[in-house]
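The structure appears below as structure tokens.
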Amino acid sequence: MMAIKANPNPLSLSYSSTPFNRISIKKIHFLHHSQCRNLVLGCSKNPISGSLNLDPSFSGSGSGSSKLNSLNDSVDAASTSASNAIDFLTLCHSLKTTKRKGWVNHAIKGSESIADHMYRMSLMALIAGDLPGVNRERCIKMAIVHDIAEAIVGDITPSDGVPKAEKSRREQAALTEMCKVLGGGMRAEEIKELWQEYENNASLEANLVKDFDKVEMILQALEYESGKFQTEIGKSWAAEIHSRRNARLGN
């Protein structure tokens, strides 16, 4: 499993004297609980005009300790939530940097990442025409998370020789670990549900997103083919493949 390492670089904050009392964050790679607490307290003491007060009952007037305790409780809760969120997002960073193995195996230079693939699938779900009984928002969410477990297990392809059941088991275990990093709760359960629904092809939304998965791959292949060939032989062979593909589609 991927280990989450704390960033040795401290959080650097500078409080400006601008009219809006903004907090300038120069460097923030990882929020520790105490650092997040200081950040939230700083926002509470110097709020941006028009912003929402972290504790509606805290007005700055009066001396009741219960109001201060209430604010501290809110800060502690926010601190835990921020820590889990940043841990989770840090783990998901590998989705941006891990190349899709199918293209790597075909020696494609500068091939797309897992995140690239999921992002364009989510755009497909966004722009597709309305379909009876299909929840568009659910399709978008499903496209975003359907390969999320690959942040830990990587992109397992048929060429790796991993049985389908074992691939699913590894990804399920990875997803469970990622949801623990997120801290559980409603959002983690939603991610699990969306991923499982896609994995089992268990709904109209899953049917559509699985089609988008294939369509995105075909579109990406076409884009890699365009302008890639440098010799006449390469170009002629590619033209022959295109011809056969078009004939097959025509039939």
Side-chain angles (χ1 to χ4, degrees), residues 88-89 91-106 108 111-160 162-179 182 185-226 241-242 244-251:
F88 177 79
L89 294 173
L91 180 55
C92 289
H93 176 260
S94 63
L95 295 169
K96 298 172 62 176
T97 58
T98 303
K99 304 299 184 182
R100 296 252 288 164
K101 190 176 291 184
W103 305 126
V104 174
N105 291 344
H106 283 80
I108 300 294
S111 57
E112 67 169 349
S113 69
I114 298 168
D116 292 333
H117 169 65
M118 293 195 296
Y119 173 70
R120 187 150 65 174
M121 282 178 61
S122 67
L123 288 179
M124 290 177 175
L126 177 65
I127 67 173
D130 292 333
L131 295 173
V134 174
N135 184 321
R136 179 192 304 276
E137 181 180 349
R138 191 166 186 82
C139 288
I140 295 171
K141 290 180 178 181
M142 195 177 295
I144 292 172
V145 306
H146 81 285
D147 279 342
I148 198 170
E150 294 180 12
I152 292 178
V153 301
D155 185 15
I156 301 174
T157 66
S159 63
D160 295 314
V162 178
K164 185 176 181 180
E166 172 61 15
K167 176 179 181 290
S168 182
R169 186 199 67 78
R170 292 183 191 180
E171 291 180 345
Q172 179 72 70
L175 186 72
T176 299
E177 184 65 23
M178 294 181 76
C179 287
L182 187 55
M186 182 172 59
R187 295 307 174 205
E189 290 303 316
E190 182 181 29
I191 290 173
K192 286 182 183 178
E193 182 181 332
L194 288 165
W195 184 88
Q196 197 66 60
E197 187 176 320
Y198 177 86
E199 183 75 1
N200 295 336
N201 201 18
S203 66
L204 290 174
E205 288 81 7
N207 298 162
L208 183 59
V209 177
K210 279 187 174 289
D211 276 357
F212 287 155
D213 185 53
K214 296 180 179 66
V215 170
E216 202 287 324
M217 181 182 66
I218 293 172
L219 178 57
Q220 187 63 69
L222 178 63
E223 290 167 349
Y224 284 145
E225 289 171 359
S226 302
I241 293 171
H242 277 295
R244 293 188 183 190
R245 180 189 296 162
N246 291 336
R248 182 186 302 171
L249 291 174
N251 293 331

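Computation of the quantities below employed the complete heavy-atom set of this structure, encompassing side-chain atoms and omitting hydrogens, waters and symmetry-equivalent molecules. Just so it is clear, the model here is predicted, and its values are computed rather than measured.
L182 has its side chain within reach of I191: a pair of non-hydrogen atoms, C-beta onward, lies under 4.5 Å apart. Here the side chains of W195 and E171 are in contact, with some heavy-atom distance below 4.5 Å. Using a 4.5 Å heavy-atom cutoff, the side chains of L131 and L204 are not in contact. A 4.5 Å side-chain heavy-atom check between D213 and H117 finds at least one atom pair inside the cut-off. Looking at heavy atoms from C-beta onward, M178 lies in side-chain contact with C92 at the 4.5 angstrom threshold. No side-chain heavy atom of E150 sits less than 4.5 Å from a side-chain heavy atom of M118. Residues W103 and M217 meet the side-chain proximity criterion, which asks for heavy atoms closer than 4.5 Å.
Checking side-chain atoms of S122 against main-chain N and O of A143 turns up no donor-acceptor pair under 3.5 Å. Under the 3.5 Å distance criterion, the side-chain polar atoms of T176 are matched with a main-chain donor or acceptor of Q172. Under a 3.5 Å cut-off, the side chain of K167 and the backbone N or O of V162 do not form any donor-acceptor pair. Between the side chain of D116 and the main chain of S113, a donor-acceptor pair closer than 3.5 Å is present.
Expressed to the nearest 0.5 Å, how far CG of L208 lies from NZ of K210 amounts to 12.0 Å. How far SG of C139 is from CD1 of I144: 11.5 Å, rounded to the nearest 0.5 Å. The distance from atom CE of M124 to atom CG of L126, rounded to the nearest 0.5 Å, is 12.0 Å.
Y198 pairs by the ring-ring contact (aromatic ring centres under 6.0 Å, His included) definition with H146, not counting sequence neighbours.
The side-chain contact (heavy atoms from CB on, under 4.5 Å) test with R170 singles out one residue from I152, I156, L175, and that residue is I156. The side-chain hydrogen bond (donor to acceptor under 3.5 Å, both in side chains) test with R138 singles out one residue from E205, E197, E190, and that residue is E197.
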Practice prompt. Apply salt bridge (charged side-chain N to carboxylate O under 4.0 Å, His left out) to the pair D160 and K101, showing each step before the final yes or no.
Written response: CA-CA 10 Å; D160 295 314; K101 190 176 291 184; 3.3 Å; yes
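The minimum heavy-atom distance between A174 and V153, with the atom names listed, is CB-CG1, 3.8 Å.
Side-chain polar atoms of Q220 and R120 form a donor-acceptor pair below 3.5 angstrom.
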